[in-house]
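All remarks here apply to the structure that follows.
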Amino acid sequence: MEQAGPRPRDTHGSPGTGSPDTGKAAVRVPPQPRAAAEVSRERERDRELDRARDRERDRGAAAAGGSARGEHTHGEPPLPGIAAARPIVVQRASVRGQVLDALRTALVAGELAPGEVYSAPVLGERLGVSATPVREAMQQLALEGAVEVVPNRGFRVVERGARELAELAEIRGLIEVPVMLRLARTVSAGQWAELRPLAEASVRAASTGCRATYAETDRAFHRAVLALAGNEQLVRIADDLHRRAQWPLVGGPVSRGHADLIADAAEHTALLDALIAQDLVVVQSLVREHFAGG
């Protein structure tokens with residue numbers, strides 16, 4: 001029998017080694033850490049690719065005669081708070097969340113006016129991001145009922161009237177008042193005292209006169225109160241209703257005055273006092289009045 005000659009050398013050896021295949025498991029060489037400058041350059045290339053893709057999609061939508069996502073960017077009303085702001089420096093993994101927070105703040109502050117239409121490319125430019133995360137954030141706001149999609153143009157801020165605000169207050173009362181009355185009978189004074197810093201934070205925020213700043217502390221206090229019931233779904237639904245109640249009314253003032261915000265915040269401390277005292281009549285009265293004020 002003819003004896004086999006030498007085995008040909010495998011030129012495609014184990015990754016990173018260039019050694020012949022000896023029948024043993026390949027030894028993997030761990031990747032070496034890259035320099036910070038190289039990582040930064042790669043991130044910048046990724047961002048540029050995202051911007052290029054956005055521009056290509058926008059051109060494609062315009063060439064097709066305006067698809068549901070194509071938007072005209074001319075003739076939009078100015079946005080004092082957004083337009084004058086410096087570009088936001090964000091991480092790619094959290095850009096959508098930061099854009100969503102910025103747009104929610106602009107809604108509450110009245111910088112996105114009810115009835116007006118805004119396009120994702122223009123808002124993205126003002127926020128220092130591409131149009132894609134703005135569209136994604138606007139779609140979320142559409143699900144929440146804050147805006148509606150306008151084909152070929154962008155998103156229109158929903159116009160709300162006093163009737164909707166009254167309906168929201170009624171629903172919040174039906175959900176939260178029974179819970180707070182039950183908590184007043186079961187939660188200890190010490191647990192209520194732990195919420196005092198949140199109530200005081202809302203008072204400080206109200207003193208600034210900034211509706212958006214106060215709105216965050218207002219919801220934080222209510223979430224903490226309801227969280228004592230141990231029902232996460234309750235907290236989530238109530239917070240969504242609360243957020244919707246904070247959007248400005250069409251034809252109403254851009255923001256509530258200092259006196260209104262301070263009076264609203266003072267009800268938080270009064271509510272805590274009533275809960276500690278287990279005064280159910282005062283608790284029910286305060287909660288309903290508080291909801292009626294937004």
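Just so it is clear, the model here is predicted, and its values are computed rather than measured. Residue numbers run from 1 in the order of the sequence given. As a basis for the values below, the full set of heavy atoms in this structure was taken, side chains included, without hydrogen atoms, waters or symmetry mates.
- Nearest approach of Val108 to Ala215, heavy atoms of both residues: CG1-CB, 3.9 Å.
- For the pair Trp247/Val157, no side-chain contact is recorded, criterion being any heavy-atom separation below 4.5 Å from C-beta on.
- Each of Glu216, Glu144, Gln246 was checked for a side chain to side chain donor-acceptor pair (under 3.5 Å) with Arg104, and the lone residue meeting it is Glu144.
- Residues Arg135 and Pro121 form a side-chain contact, since some pair of their non-hydrogen atoms from C-beta on lies under 4.5 Å apart.
- In this structure, Leu275 CG and Leu195 CG are separated by 9.0 Å, a value rounded to the nearest 0.5 Å.
- Screening Leu280, Val287, Val281 for a side chain to side chain contact (heavy atoms under 4.5 Å, CB included) involving Leu181 leaves a single residue, Leu280.
- Two residues are said to be in side-chain contact when any heavy atoms from C-beta on lie closer than 4.5 Å; Val187 and Trp192 meet this criterion.
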Test side-chain contact (heavy atoms from CB on, under 4.5 Å) applied to Leu127 and Leu103, step by step: CA-CA 10 Å; Leu127 291 172; Leu103 294 177; 4.3 Å; yes
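- Two residues are said to be in side-chain contact when any heavy atoms from C-beta on lie closer than 4.5 Å; Val134 and Glu125 fail this criterion.
- Smallest separation of non-hydrogen atoms from Thr269 and Ala199: CG2-CB, 3.9 Å.
- Counting only heavy atoms from C-beta outward, the side chains of Glu176 and Phe291 approach each other to under 4.5 Å.
- Within the 4.5 Å cutoff, no side-chain heavy atoms of Thr132 are placed close to those of Arg96.
- The shortest side-chain heavy-atom distance between Asp218 and His268 falls under the 4.5 Å cut-off.
- The nearest pair of heavy atoms linking Leu286 to Ala274 is CD1-CB, 4.4 Å.
- The shortest non-hydrogen separation linking Thr217 to Ser202 is OG1-CA, 3.4 Å.
- Taking the six-membered ring where tryptophan is involved, the planes of His222 and His290 are essentially parallel, since the angle between them stays under 30° and well short of 60°.
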Chi angles and distances behind the side-chain contact (heavy atoms from CB on, under 4.5 Å) call for Tyr118, Leu112: CA-CA 8 Å; Tyr118 301 91; Leu112 296 177; 3.9 Å; yes
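- Separation of atoms CG (Asp239) and CG (Leu226) is listed at 9.0 Å; rounding is to 0.5 Å.
- The two residues Val158 and Glu148 make their nearest non-hydrogen contact at CG2-N, 4.2 Å.
- Between Arg196 and Asp273 there is a salt bridge, since at least one side-chain N of the basic residue sits less than 4.0 Å from a carboxylate O of the acidic one.
- Rounded to the nearest 0.5 angstrom, Glu200 CD and Leu272 CG are separated by 9.0 Å.
- Annotation: the span from Leu241 atom CG to Arg219 atom CZ amounts to 12.0 Å, rounded to 0.5 Å.
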Verdict with supporting geometry, Arg236 and Asp240, salt bridge (charged side-chain N to carboxylate O under 4.0 Å, His left out): CA-CA 6 Å; Arg236 185 176 296 110; Asp240 178 66; over 6 Å; no
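- With contacts defined as side-chain heavy-atom distances shorter than 4.5 Å, the pair Glu116/Arg156 does not qualify.
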